[in-house]
Amino acid sequence: MGIDPERPLDGPEPPFRTFQESWPLFFGYALDLWKVGAVDAHAATAYLLDALGRAPAYEESREVVDGIRAAGVTVAVASNADRGHLAAALRGAEISADVVVSSEDVRAYKPRRPFYEALLRALDLSAAQVLYVGDHPIADVTGARSVGMPVYRVQRFERETPSHQPAFEATWTFPDLRGLLRLIPAAAP
């Protein structure tokens, strides 16, 4: 049972597995398909999670987060990443958040509504009071807009749109995070 890509918000919640649980299955399938016997699926998962946890943040990330925080705005991070991986990535990027919500905490992945509803509960705010920032037209834009949040979409690269139309459009689209500083006037440098 999975999510219908044409209607990602419909149907019952699919069973939840953390990345730590599901990635070895995907690696195992790919390694078997390509007949790569020298690599263990669990080792490949550990390597990828470690590498992603150490990946640098985009150059403007800390400046923008610091500017938003200086303006008195709560900073939340909401991610499909497992809790441990997400914590390592935030530490590595030297970015702190007032609220952190992972799919592992919620037991649901974006774009499903329970993920966004859990974020709103953690913030103790209404959807209209939260500006959601993300880059994916389905996981981020469709999911956040489905619960009523305005969305700032980061579109760093020209990429093809999904084969199906997202159910919602972003409220704003910018090539990086710096546009947030224009939306939050007191955060401007």
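Every value quoted in this text rests on a predicted model; they were computed, and no experiment measured them. This chain uses plain numbering: 1 for the first residue, then up along the sequence.
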Nearest 0.5 Å, please: how far is [atom2] in [Y] from [atom1] in [X]?
X	Y	atom1	atom2	result
L9	R145	CG	CZ	12.5 Å
S103	R17	OG	CZ	15.0 Å
I184	I68	CD1	CD1	4.5 Å
S102	L119	OG	CG	11.5 Å
H85	Q20	NE2	CD	10.5 Å

Between [X] and [Y], is there a donor-acceptor pair closer than 3.5 Å when you use the side chain of the first and the backbone of the second?
X	Y	value
D176	R178	yes
Y152	G179	yes
D98	V75	yes

For this session: Output, in order, the C-alpha distance, side-chain angles, deciding distance and verdict of side chain to side chain contact (heavy atoms under 4.5 Å, CB included) for E21 and D82.
Result: CA-CA 10 Å; E21 295 165 332; D82 293 351; over 6 Å; no

For this session: Could you tell me which residues satisfy ring-ring contact (aromatic ring centres under 6.0 Å, His included) with F16, sequence neighbours excluded, listed by chain and number?
Result: Y109

Please tell me if the side chains of [X] and [Y] come closer than 4.5 Å, counting only heavy atoms from C-beta onward.
X	Y	result
Y58	L177	no
M149	T171	no
V73	L131	no

So which heavy atom on [X] is nearest to which on [Y], and how close?
X	Y	result
V77	A97	CG2-CB, 3.7 Å
P111	P8	CG-CB, 3.8 Å
A118	V106	CB-CG2, 3.5 Å
R69	S96	NH2-O, 3.1 Å
D135	V154	CB-O, 3.2 Å
I95	A57	CD1-CB, 4.2 Å

Exercise. Who pairs with A88 by side-chain contact (heavy atoms from CB on, under 4.5 Å), at least two apart in sequence or on another chain?
Worked result: R91

Exercise. CZ of R107: more than 12 outside heavy atoms within 6.0 angstrom?
Worked result: yes

Problem set entry | All pairs passing ring-ring contact (aromatic ring centres under 6.0 Å, His included) where residues 20-51 contributes a residue, at least two apart | F19-W23

Seminar exercise, completed: Residues pairing under side chain to side chain donor-acceptor pair (under 3.5 Å) where one sits in residues 123-133, two or more places apart or in two chains, turn out to be K110-Y132, S126-Q129, Y132-D140

Seminar exercise, completed: D105 meets the salt bridge (Lys or Arg N to Asp or Glu O under 4.0 Å) criterion, sequence neighbours left out, with R83

Exercise. For D50, which residues count as a salt bridge (Lys or Arg N to Asp or Glu O under 4.0 Å) partner, sequence neighbours excluded?
Worked result: R54

Exercise. Does the pair S146 and R112 meet the rule for a side-chain hydrogen bond (donor to acceptor under 3.5 Å, both in side chains), with working shown?
Worked result: CA-CA 9 Å; S146 77; R112 304 298 286 197; over 6 Å; no

For this session: Test V151 against F168 for side chain to side chain contact (heavy atoms under 4.5 Å, CB included), laying out the working first.
Result: CA-CA 10 Å; V151 175; F168 297 93; over 6 Å; no

Exercise. For the hydrophobic clusters of this structure (ILVMFWY residues joined by side-chain heavy atoms under 4.5 Å, transitively), does one cluster hold both L25 and V39?
Worked result: no

Exercise. Under 4.0 Å between a Lys/Arg side-chain N and an Asp/Glu carboxylate O for E60 and R156?
Worked result: yes

